[in-house]
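Take a look at the structure below.
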Amino acid sequence: GRYSIINNDEQDPNPFATLGAFGLYSRGQSATSTLIHSWNPRWISEARVSYYRSIFLFGGVFQGQNIDAAAGIQGFNDTTPVYGFPQITLSGYTGYSGSPSDQRPKSNQHRNFQYATDTSWTHGGHSMMFGADLMHERASFFNGANAVGVFSFTGMYSGNAFADMLLGYPDTVTRDYYKQLNGDVGYYFDVFAQDSYRLSQKLTLNYGFRVERNTFYEGINGQKTAFNTATGQLVLPSNVNPHAQPLTPVLLPLFSDRIVYTNQLHLPNSIEPAEWDFVPRFGFAYSVDKNTVLRGGYGIYQLFTDLGSINNEVATVPFIASTTVLNDRAPARPTRNWADYFQGQPNVSPNPNPGAPCAFGFRANTCATPNVQANEISSRNQYVQQWTTAVQHQFGPAVSLDVTYIGTKTTHLQKLPSINDPAPGAGAVQARRPYPQWGQVLFNTFSGYANYNALQAKLETRQFDGLTLLGSYTYSRCLDNATGFTSAYQSYAYAPCDYDFPQDFTGSFNYALPFGGKRHFVHDSRLGKALLGGYTVAGVITARNGAPFTPTLSTDVANTGVGNQWPQRIGKPKVIGNPGCWFYVSANSTCAAVAPGASPSFAAPTRYTYGNGGRNVLRAGNLVEVDMNLLKDIRFRETRSLELRAEAFNLLNHPSFAAPTTTVDTGSGGQVGATLNTSRLLQFSAKILF
């Protein structure tokens, strides 16, 4: 057999004690053992056992310093044993990326066992293989969550988010508790059979199928939740550990009247039952003549469930109590401020008047309204259908052209809409929610879909008089309804994907310059070879469309507690293309200077309504970059040489602009604050080879 093990680092007994701001610690092991047996010339069997384990620890921002306490901010004294800098968001401005922006400090620990066996058989034109695969996966985590606070300023009170921060009036603040050990455990199993059949000298067929058992995982210590939209109850596994988190013994009885267990609903402890999937594949290759080949195929590909999203279902009671509190809504004067935003109220407490109705309308053990992030009760695993057609033609011995059409359709795409946002209207937000006993409800569902279609072309030359060329071009379109939204009202917008790049070109070349030796100009002169020979120039040219983005509002015009609301479209969107005014925003004074006479395309909608601006209706700047290098090889002897290299990244020093500030109601709206590439970078190096 074959066996290997990798050990990157030694385990620190207390890694968070030494990790500083955004520190990173990693450790991993992997091992594989393979047994191959040949029964006879036609039958060969193989068995494999694999093990993989990795640990990542991520330090927080100013970890170990209680910034909240030092600044006189109350309400965070009991939320975490590991303090750091909070997260501060400012509509229309770059915020402060504190520890909660990445749930730091945190640890991700993955362990994977895989057992596989397959047998191959060849006979005539057939080459068959069949086998089975079993994988056990465990992913465990702990993280800081929002334990040091997320403070959001939107300009609700002064009209400017930065001014609101200086005044000390957050629009919303989120707090919850540090999460100790949690995660997911699951088994995947499949059997397969496939055949490659050479039907003739010109035609080869490939076909097969897999039968897979795909799980939705069980939570470590029963830490998993779903949300019953019919009753507004949380669904918990019956095997939940009542001491899974420090707050669990307190939260379980307080929310027992809002919880139902899987055994009461005749569900497994994974909540979502595992499913069996049939996965067919088919392909062909046909040789038209000695220089032209046609290829095509179709297949279904099951996608593994996103463990991070599934694991976020622990971000709710009874494991932690995450609460987002909204300040008083304008035009009312805000009563909550930086210093004591929660006004001495604990995150969760018993109903102060047992037996009496809470503000949300019914009797409950507690009147707290924490946030929820949970899965749907019944899910179907996401999968992709892909079909391709391609033609490849060889022009002489050194030039080839490939043209390919690729189509994909993704079904049951994972998405995370917020389903407890109220309809636009006046008054307090909480009382108008569909489930007023809860705060924000992020509902992990597999109801999204996406389509991608692309025409790809690749031209390649190989050693054409010392020149190698490779050029590829893609013309594509990606549409989905599962990325780039923050609320349920936006989540059904079928629009360009966040990663939609309609045109993408990459060209590269490598050319051994024809000087020195017997090629050109300087025959066998040793001096000529030394001065003019041994040069190679290479380069890469990249050009593609910019990423799409969505114009937004900085304030809560609809009065729903939803951020990044759409504006009202009042004209055709105008892209100016100036970094000070990428798209026309009337509140941006630069726009009036660079585009005099232009009229705005977006405006704030009527109070207590949502706008119709749409998702991903504008694009950032195109990416254009040229990278080059020049190499000189000086050979002293057969085994000794000196390599001199000069490299230039972004040789033309051409800036490619990132997406601008998207808010249409602030002075910074439409302004570009970053580029996709760096300025020109020159690099020189020398290497001795011996």
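Numbers for residues simply follow the sequence, beginning at 1.
Listed for the Asn622 side chain is a donor-acceptor partner under 3.5 Å among the backbone atoms of Gly546. Looking at Thr461, its side chain does come within 3.5 Å of a backbone N or O of Leu469 through a donor-acceptor pair. When atom types are taken as modelled, the side chain of Gln223 and the backbone of Leu181 share a donor-acceptor pair closer than 3.5 angstrom. Side-chain atoms of Asn616 come within 3.5 Å of backbone N or O of Pro496 as a donor-acceptor pair. In this structure, the side chain of Lys415 engages the main chain of Asn481 through a donor-acceptor pair within 3.5 Å. Counting only distance, with no hydrogens or angles, the side chain of Asn545 and the backbone of Asp504 share no donor-acceptor pair below 3.5 Å. Judged by distance alone, the side chain of Glu643 and the main-chain N or O of Lys687 form no donor-acceptor pair under 3.5 Å. Not a single donor-acceptor pair under 3.5 Å links the side chain of Gln386 to the backbone N or O of Tyr301.
What you find for Asp627 and Phe649 is that their closest heavy atoms are OD1-CA, 3.3 Å. Closest of all the heavy-atom pairs between Leu205 and Phe284 is CD2-CB, 3.8 Å.
Under the 4.0 Å criterion applied to side-chain N and carboxylate O atoms, Arg48 and Asp118 are assigned as salt-bridge partners.
No side-chain donor from either of Thr542 and Thr506 sits under 3.5 Å from a side-chain acceptor of the other. Side-chain contact annotation: Gln194 with Asn206, donor-acceptor N/O pair under 3.5 Å absent. Residues Ser447 and Thr445 bring a donor and an acceptor atom of their side chains to less than 3.5 Å of each other.
The stretch residues 470-481 participates, sequence neighbours left out, in these salt bridge (charged side-chain N to carboxylate O under 4.0 Å, His left out) pairs: Arg477-Asp500, Asp480-Arg615.
Counting heavy-atom neighbours within 6.0 Å of His37 NE2, excluding the residue itself, gives a total above 12.
Shown here are the side-chain contact (heavy atoms from CB on, under 4.5 Å) partners of Phe113, two or more places apart in sequence or in another chain: Tyr51, Arg111, Tyr115, His136.
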Checking side-chain contact (heavy atoms from CB on, under 4.5 Å) for the pair Lys224/Phe216: CA distance, chi angles, key distance, verdict? CA-CA 11 Å; Lys224 192 176 181 183; Phe216 280 94; 4.0 Å; yes
So Val575 and Arg619, side-chain contact (heavy atoms from CB on, under 4.5 Å) or not? Walk me through it. CA-CA 8 Å; Val575 176; Arg619 289 189 177 272; over 6 Å; no
